[in-house]
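I have placed the structure first, in the form of structure tokens, so that the comments after it can refer back to it.
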There are 2 protein chains.
Amino acid sequence: MGAGYRAQAERNGWSDGGAMEFPNTGDFLAGRLRDKLSQDDLEFIESLVAETRQGETGDVLLSRGAVTEQSTILISGYIFRTIESDNRRFIVGVHVPGDFVDLHGFALKRLDHSIVAAGPITYGIAPHERLRDALEHRPRVARALWFATLLDAAIHRKWIQMLEQLDAPRRIAHIYCELHRRFELVGQANARSLRTPFTQIDLADMCGVSAIHANRAVGKLRELELAEIRRGDLYTSDWDALRAYAQFQADYLYGDGPLRFDQDWL
Amino acid sequence: MGAGYRAQAERNGWSDGGAMEFPNTGDFLAGRLRDKLSQDDLEFIESLVAETRQGETGDVLLSRGAVTEQSTILISGYIFRTIESDNRRFIVGVHVPGDFVDLHGFALKRLDHSIVAAGPITYGIAPHERLRDALEHRPRVARALWFATLLDAAIHRKWIQMLEQLDAPRRIAHIYCELHRRFELVGQANARSLRTPFTQIDLADMCGVSAIHANRAVGKLRELELAEIRRGDLYTSDWDALRAYAQFQADYLYGDGPLRFDQDWL
DNA sequence: GCCTGAAACTAACATGCATCAGTAGACGGT
DNA sequence: ACCGTCTACTGATGCATGTTAGTTTCAGGC
């Protein structure tokens with residue numbers, strides 16, 4: 001095999017050609033809520049970011065149990081929410097550019113989990129002082145922040161169902177389908193691929209299976225000709241077939257049609 | 001066996017004597033946030049409840065996909081959050097008296113899951129109109145509502161970890177330990193038992209295992225002399241041993257010590 | 001007291017996944 | 001170019017869990 005992977009990807013029409021590049025500007029702030037907010041509110045949200053930083057794979061932005069006075073906004077790359085227990089790591093969530101990563105640390109004193117870079121990242125720092133100000137004087141921004149945490153909770157619930165219902169290959173497929181849809185919602189999805197820095201160990205820790213079994217699950221997706229996962233990057237010629245296999249229904253991401261945000265109470 | 005269960009419970013010092021009764025007044029509203037709010041705010045929250053209703057096992061208070069103009073506050077009994085898929089039911093969350101059950105339906109237009117009575121319940125109805133009013137004129141109440149949804153998200157994350165890390169007997173033990181602690185936090189826990197209306201099918205749907213395997217798991221807890229689960233009611237003489245077995249750490253429930261709520265920005 | 005249905009339970013066999021023990025390929029450092 | 005380390009991959013074996021097909025227990029209705 002080895003060099004045969006890319007050849008097979010070509011044969012199956014999986015390759016996308018180039019790599020997807022994340023913009024490294026602040027164009028993502030507020031992510032999918034962007035078009036629900038006024039220009040004034042958007043500028044205000046951008047002004048929340050006091051500083052922009054870079055991070056590398058494995059960097060711990062916030063440790064479980066830490067008390068923090070700032071929140072993090074992901075600008076490019078992927079971030080894991082992790083819990084260490086029993087000398088093992090469990091990944092309980094993934095974030096994509098545009099996400100506020102630790103708003104819960106703003107209202108809950110301690111953090112119940114850690115925030116870790118899944119690969120090279122760029123992120124912004126928003127001091128809580130400025131968020132407090134927003135909550136008091138910007139009701140629309142305040143509701144946008146609440147909405148973001150509710151959306152996180154909906155994604156958590158889907159992960160619970162996924163872990164209860166699906167076997168390992170389907171869990172991996174579901175995670176990629178979800179991330180692909182989340183990129184679509186901020187206009188950054190590729191037609192035939194999804195680039196990530198995830199190792200098979202990362203996939204295993206997200207799915208609650210051993211790394212060895214994650215490897216077999218990846219192999220099964222390849223064998224079924226549904227997707228080729230190579231160094232974290234997924235290539236497929238048929239997202240619909242992959243979604244059907246994973247029983248992926250995107251409704252829980254609330255991407256289609258109006259949210260309550262359209263109403264005037266916001 | 002059969003009639004021997006209760007006898008064994010007596011022998012092991014598991015029995016608690018009487019059943020725990022939930023108060024059927026509104027004393028639970030706002031649950032554990034109660035002592036963080038002023039008398040005035042509490043009276044306001046109680047005034048949110050326009051009506052009190054009763055429900056029976058299996059009653060669907062809200063269906064997935066429904067658009068609702070009211071929120072639900074649980075006063076007595078248990079409520080499940082469920083998702084139907086593949087002709088199977090998956091339980092993604094449980095609520096105890098004092099919990100706001102569907103605040104997410106207030107900000108997210110559709111519901112991504114259903115709200116179902118796990119047994120006989122009493123609940124209050126809070127029209128969204130009144131909640132909207134609260135968000136605008138009662139900043140402390142607004143933050144309390146946000147906090148409640150953040151706490152739900154923290155519990156969701158723990159369930160994800162639980163499903164990734166634990167085998168079926170430990171999952172069941174963990175769920176009971178969590179519920180016991182949540183009752184403690186509102187001052188309603190029994191020393192040696194936890195009464196619930198859960199069937200083994202309910203436990204299976206919470207743990208993501210088959211009903212038959214849930215039965216084996218219950219049997220294992222009995223065999224290890226950690227707990228006796230009988231028609232949903234759990235009896236134990238040693239909560240600490242059960243907690244150790246389930247690797248239950250209560251910190252994610254944020255019950256010990258100050259939350260940010262103590263600070264003046266609330 | 002008996003009937004009935006739901007829940008709890010049992011046994012036998014099939015499959016998913018963990019674990020152990022290793023090999024092979026990719027990448028960075030020197 | 002070499003080496004060490006991390007990631008990807010393979011096979012064998014055992015445990016956890018699913019599935020099928022039942023039996024037993026129990027609470028409630030008649």
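No hydrogens, no waters, no symmetry mates; every other heavy atom, side chains included, goes into these values. Keep in mind it's a predicted model, so treat the numbers as computed, not measured.
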message: If I take atom CZ in residue A:Arg231 and atom C1' in nucleotide D:dC9, what distance separates them, rounded to the nearest angstrom?
response: 12 Å

message: Just by distance, no angles: are the side chains of A:Ser85 and B:Gln165 close enough, under 3.5 Å, to form a donor-acceptor pair?
response: yes

- prompt: D:dT7 P sits how many Å from A:Leu203 CG, rounded?
  reply: 12 Å

- prompt: Who pairs with B:Ser63 by side-chain hydrogen bond (donor to acceptor under 3.5 Å, both in side chains), at least two apart in sequence or on another chain?
  reply: none

- line: A:Tyr252 meets the side-chain hydrogen bond (donor to acceptor under 3.5 Å, both in side chains) criterion, sequence neighbours left out, with A:Glu178

- prompt: Atom CD1 of A:Ile172 to atom C1' of D:dA8: distance rounded to whole Å?
  reply: 13 Å

task: Take the protein atom CD of A:Glu164 and the nucleotide atom C1' of C:dG16, then report the distance between them rounded to whole Å.
output: 17 Å

Exceeds 12 heavy-atom contacts within 6.0 angstrom, atom CD of A:Glu84: yes

- prompt: Can a side chain N or O of B:Arg222 be found less than 4.0 Å away from OP1 or OP2 on C:dC9?
  reply: yes

- prompt: How close or far is atom P of D:dC26 from atom CG of B:Asp233, stated in whole angstroms?
  reply: 15 Å

field: Geometric cation-pi criterion, A:Arg181 with A:Phe248: 6.0 Å, 45°
entry: no

- prompt: Taking the six-membered ring for Trp, are B:Phe183 and B:Tyr78 ring centroids under 6.0 Å apart?
  reply: yes

field: Whole-Å distance separating the CD1 atom of B:Ile201 from the P atom of C:dC9
entry: 12 Å

- prompt: Which residues satisfy the side-chain hydrogen bond (donor to acceptor under 3.5 Å, both in side chains) test with A:Asp59, sequence neighbours excluded?
  reply: none

- request: Using a 4.0 Å cut-off on protein heavy atoms (strictly under), produce a 5'-to-3' string for nucleotides 16-21 of chain D with B for base contact, S for backbone-only sugar-phosphate contact, and - for none.
  value: -BBBBB

message: Side-chain N or O of A:Arg230 versus OP1/OP2 of D:dA8: is the shortest distance under 4.0 Å?
response: no

Residue pairs fulfilling ring pair (Phe, Tyr, Trp, His ring centres under 6.0 Å) with at least one residue in residues 207-227 of chain A, sequence neighbours excluded: none

query: Within less than 4.0 Å of OP1 or OP2 of C:dC9, is there a side-chain N or O belonging to B:Asn215?
result: yes

query: B:Glu223 has an atom CD; how far is it from atom C1' of C:dC9, in whole Å?
result: 15 Å

query: Strictly by modelled atom types, are B:Arg81 and B:His113 linked by a side-chain donor-acceptor pair under 3.5 Å?
result: yes

message: I need the CG-P distance between A:Leu163 and C:dC17, as an integer number of Å.
response: 11 Å

query: Using the C1' atoms of five pairs at each end, what's the angle between the two axes of the helix from C:dG1-D:dC30 to C:dT30-D:dA1, to 10 degrees?
result: 40°

